[in-house]
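Notes for the one structure printed next.
Every heavy atom of this structure was used, including side-chain atoms; hydrogens, water molecules and symmetry mates were not. It should be emphasised that the depicted structure is a prediction, and the values quoted were computed from it without experimental measurement. Each chain gets a letter, A, B and so on, in the order the sequences are listed, and its residues count up from 1.
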There are 4 protein chains.
Amino acid sequence: MPRRGPNNGGDKRDRILRAAVKIFSRNGFFNSKVSEIARASGVADGTIYLYFKNKDDLLISLFEEKMGEVVADVRRRLAAGGSAIDKLRIFIENHMDLLERESGLVEVIMVELRQSTKFLKDYTPVKFFEYLEVISDILEEGKREGAIRPDLNVSVARRAIFGALDELCLTYVLSGKRKYHPSVTAAEVCRLLLEGLCVPGADVGKG
Amino acid sequence: MPRRGPNNGGDKRDRILRAAVKIFSRNGFFNSKVSEIARASGVADGTIYLYFKNKDDLLISLFEEKMGEVVADVRRRLAAGGSAIDKLRIFIENHMDLLERESGLVEVIMVELRQSTKFLKDYTPVKFFEYLEVISDILEEGKREGAIRPDLNVSVARRAIFGALDELCLTYVLSGKRKYHPSVTAAEVCRLLLEGLCVPGADVGKG
Amino acid sequence: MPRRGPNNGGDKRDRILRAAVKIFSRNGFFNSKVSEIARASGVADGTIYLYFKNKDDLLISLFEEKMGEVVADVRRRLAAGGSAIDKLRIFIENHMDLLERESGLVEVIMVELRQSTKFLKDYTPVKFFEYLEVISDILEEGKREGAIRPDLNVSVARRAIFGALDELCLTYVLSGKRKYHPSVTAAEVCRLLLEGLCVPGADVGKG
Amino acid sequence: MPRRGPNNGGDKRDRILRAAVKIFSRNGFFNSKVSEIARASGVADGTIYLYFKNKDDLLISLFEEKMGEVVADVRRRLAAGGSAIDKLRIFIENHMDLLERESGLVEVIMVELRQSTKFLKDYTPVKFFEYLEVISDILEEGKREGAIRPDLNVSVARRAIFGALDELCLTYVLSGKRKYHPSVTAAEVCRLLLEGLCVPGADVGKG
DNA sequence: TATGAATGAGACTTCATTCAT
DNA sequence: GATGAATGAAGTCTCATTCAT
């Protein structure tokens, strides 16, 4: 039976990752000190370097491993079946809901992933691409089912969908979690994405 | 009377701001050194502190002043008139086009504004809110014209629209400006936002 | 009864010492990590501290024990007999030859012994003094035989002889073992030491 | 008129170099802390990095610049003229004498130059080679004058001479400057090098 | 004996900011 | 106003050593 004590809540590497999520989300990557993460993990500074090459590697590992869990989780939820439209709803609700369940993680990914993707040499956000892939898969399925416009550019659409969700999460976080509750927002954004801004049958010009 | 010489075509303060855009967009805020910006502006390190309180203030001033120009510019373009739908198209095209005209500036805003909004004490991104306001104004106008759904939540929609555009710009930049050319993307995202993902008349569930 | 297995042909302590010679000669004492030596010895880091007090002690033990073998070895060779001049030749040839046979060891002694003798508290290089003693013994014997100048200051001469040999070894090592092959050098330096720089009978002044 | 105060004894860069000589000679390169040198120079830690790329560069600059002065100085002394034998005497006396005049510098060069030559990438001890060149020049001149054996291998001899002097200096330093005073040693080693160990006319074997 | 994960003190170095000129 | 040399606080990372197993 695993012991339960302050320093035995789990594997040391994982304790460090979880502390990093907390500290990075609170202060941002550049304003976070490795020693802070060490303190929050209950390990010595040097211990962090037994598990991670350096501070950058800690952030990247965090992205890939935690994002990997997110991807696996949403895929599991989607596997239950239903129409593509249902799945898109589930995906969106799951994304917005993540902010309640894994608040710190989402904040780190939202705020730091851009920096890292742009400025860290040799880092490809593999698991993030997989997350986008989940959206593509749904959209393609929707096309096959005849629910989604066959001429939709999936590459552009999946980015637009992710961007919309991401910005809404960010708004929620930056408002101090006071405005636009995720569940409300999810319904609203679903309708926007599925039906668009216009009243049905409106003339949108150019065609 | 302002002198006119080789290095005086612009005000020294503005030279610093323009250099900061260049350096911040290339390296990111935290990896940029004040002395680098000084060198790129052709002024001494200390001179920067005559015009800006500190490095943070330089970034914030950059946001507010440059973003102010962007807002004024897009408002001017929209003033020409047309339907709300036309205006939304113009807004979107203008946003995507910015990436060609003001590449560095857009990159800084995309990548650094989040950090700053989240972590800089006492900074409210006033001009950024005005930019969102431009979207709201268009949407409200569309409602009045009867082109946009009257039950649309404008607060959510404007964020979603901005998020979608922002993510598409980011994709373009991170791809090394090779994928999804802004003008192509603009048309695609316009249609997505106006008409939605679904085929017209499709049953999107929930009533 | 000592076990005989692949990794037990030598005593563990000796494996560590031999690995230390290799690592120290390659990287220098300060740039060598204890864990590197552990890996090269095939033991755990902590095991080194069962046999040596600390990193310094490892270096000192290495000096004394390995140097002890060198001294015993050269004494054995000299015991065969011959004139003092013959013995000096043997000594010099043996010294230069060591560089081929025990390259790493000689490099460590040349490069690290000075540091250690100067900066390590409480370290007297006993075996190194014995090596110098071997030279003294030869020189004294030469005096008794009448081959070496009776007024020679043996203390100075033995240091000068060692210094000359040492510098020539160093040159060989630092040249990447391309210049001044030890055997060639040995002959040359023998003649220099025995006969001096001058042509026989030359007036060297002051006398 | 230059002010004379604790912090105005000269150019800042030179103050740092002189402090480095003192600290390196006392503790050795690896045991010396940059902050110690800063304190001894009367500058802030960071100031050192305005003048030197890093700690290694400080040591290398020290070698080359100070050694350059030593070479220039001995060349000036030798320019007065005299026979090659006289010049060799002057060179040797000057070398041994350096230990009194520039004790710290000589100690650093003796103890640290080897390490650096062996382990620092991309460092060629240019000025040290020039010092050896001074010896070669004297020996070649001696050959032309007919005072020095024409078959002497100058490359080997100059190293042997340097090595002998170096070791004698080292002995003096390590003895706590109690044994073998430089001036005594100089005379003794001169005679050894010029006339050799043997009694004149002795049979040294091999021909 | 042997292990090797963990420790934590301490080094080097950077860089935003100041201030005498 | 303008300069840029100087500052020094602070952060990342290393590595000799320990000790529970």
Side-chain angles (χ1 to χ4, degrees), chain A residues 7 11-13 15-16 29-39 41-58, chain B residues 3 7 11-13 16 29-39 41-59, chain C residues 7 11-13 16 29-39 41-59, chain D residues 7 11-13 16 29-39 41-58:
Chain A
N7 273 349
D11 174 65
K12 202 161 284 192
R13 184 189 152 90
R15 283 203 343 253
I16 295 170
F29 178 74
F30 283 101
N31 293 314
S32 299
K33 285 164 264 169
V34 171
S35 62
E36 252 182 311
I37 295 170
R39 198 175 340 110
S41 326
V43 302
D45 292 23
T47 304
I48 291 188
Y49 293 86
L50 295 178
Y51 296 97
F52 304 94
K53 207 149 42 70
N54 51 38
K55 197 186 169 191
D56 281 0
D57 184 45
L58 177 51
Chain B
R3 284 192 292 143
N7 264 345
D11 170 66
K12 200 164 280 191
R13 185 171 195 285
I16 295 170
F29 177 74
F30 283 100
N31 293 314
S32 297
K33 292 169 236 166
V34 171
S35 64
E36 248 182 313
I37 295 169
R39 196 173 344 107
S41 328
V43 303
D45 292 22
T47 304
I48 290 185
Y49 291 86
L50 297 175
Y51 294 98
F52 303 94
K53 202 147 49 71
N54 51 37
K55 196 186 171 191
D56 282 359
D57 183 44
L58 178 51
L59 181 63
Chain C
N7 266 345
D11 169 67
K12 200 164 283 193
R13 186 173 196 283
I16 295 170
F29 177 73
F30 283 101
N31 294 313
S32 298
K33 291 169 237 166
V34 171
S35 63
E36 248 183 314
I37 294 169
R39 196 175 342 110
S41 328
V43 303
D45 293 21
T47 304
I48 290 185
Y49 291 85
L50 297 175
Y51 295 98
F52 303 94
K53 202 149 47 73
N54 51 36
K55 196 185 169 191
D56 282 359
D57 183 45
L58 177 52
L59 181 64
Chain D
N7 272 350
D11 173 66
K12 202 160 283 190
R13 183 189 154 90
I16 295 169
F29 177 74
F30 283 100
N31 293 314
S32 299
K33 284 165 266 169
V34 171
S35 62
E36 252 182 311
I37 296 170
R39 198 176 337 111
S41 326
V43 303
D45 292 23
T47 304
I48 291 187
Y49 292 86
L50 295 178
Y51 295 98
F52 304 95
K53 205 148 45 67
N54 50 37
K55 197 186 169 191
D56 282 0
D57 183 45
L58 177 52

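Smallest separation of non-hydrogen atoms from C/K55 and C/F29: NZ-O, 2.9 Å. In this structure, A/R13 and A/F52 approach most closely via the heavy-atom pair NH1-CE2, 3.5 Å. Contact between A/I16 and A/T47 at its shortest, heavy atoms only, is CD1-O, 4.5 Å. Shortest non-hydrogen contact noted between C/E36 and C/N31 is OE1-O, 4.1 Å.
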Query raised in the report: Tell me, for nucleotides 1-8 of chain E in 5' to 3' order, what letter each nucleotide earns: B for a base near a protein heavy atom under 4.0 Å, S for only sugar-phosphate near one, - for neither?
Result: SBBB-BBB

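Comparing F/dA16, F/dT12, E/dA16 against the side chain of C/K55 picks out F/dA16 as the nearest. When distances are taken from the side chain of C/N54 to each of E/dC15, F/dT17, E/dT17, the shortest belongs to F/dT17.
When each of B/S32 and D/V34 is assigned the nucleotide of DNA chain E with its nearest heavy atom, D/V34 is the one assigned upstream, toward the 5' end. Remark on DNA chain F: of its neighbouring residues A/F29 and C/K33, the 5'-side contact belongs to A/F29, judged by nearest-heavy-atom nucleotide.
Distance check: D/I48 CD1 to D/K12 NZ gives 11.5 Å after rounding to the nearest 0.5 Å. The distance from the NZ atom of C/K53 to the CG atom of C/L58 is 12.0 Å, given to the nearest 0.5 Å.
Residue D/D56 contributes atom CG, which lies 13 Å from atom C1' of E/dA11 at whole-angstrom precision. Atom CG in C/L59 sits roughly 15 Å away from atom C1' in F/dA16 (whole-Å rounding). Atoms CZ (A/F52) and P (F/dT14) sit 15 Å apart, rounded to a whole Å. Between the P atom of E/dA11 and the CZ atom of D/R39 lies a distance of 10 Å, rounded to the nearest Å. Summarising the geometry, the separation between CD1 on D/I37 and C1' on F/dT7 is reported as 18 Å, rounded to the nearest angstrom. Going from atom CG of B/D11 over to atom C1' of F/dA2 covers 14 Å, rounded to whole Å. Here the C1' atom of nucleotide E/dC15 and the CG atom of B/L58 are 15 Å apart, to the nearest Å. Counting to the nearest Å, the P atom of E/dC15 and the CD atom of B/E36 are 9 Å from each other.
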Report task. Output, in order, the C-alpha distance, side-chain angles, deciding distance and verdict of side chain to side chain contact (heavy atoms under 4.5 Å, CB included) for C/D57 and C/N54. Result -> CA-CA 5 Å; C/D57 183 45; C/N54 51 36; 3.4 Å; yes

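Checking F/dA20 for Watson-Crick or G-U wobble geometry (two distances, each under 3.5 Å) identifies E/dT3 as its partner. Pair assignment for F/dC13 gives E/dG10, based on Watson-Crick or G-U wobble hydrogen-bonding distances that are each under 3.5 Å.
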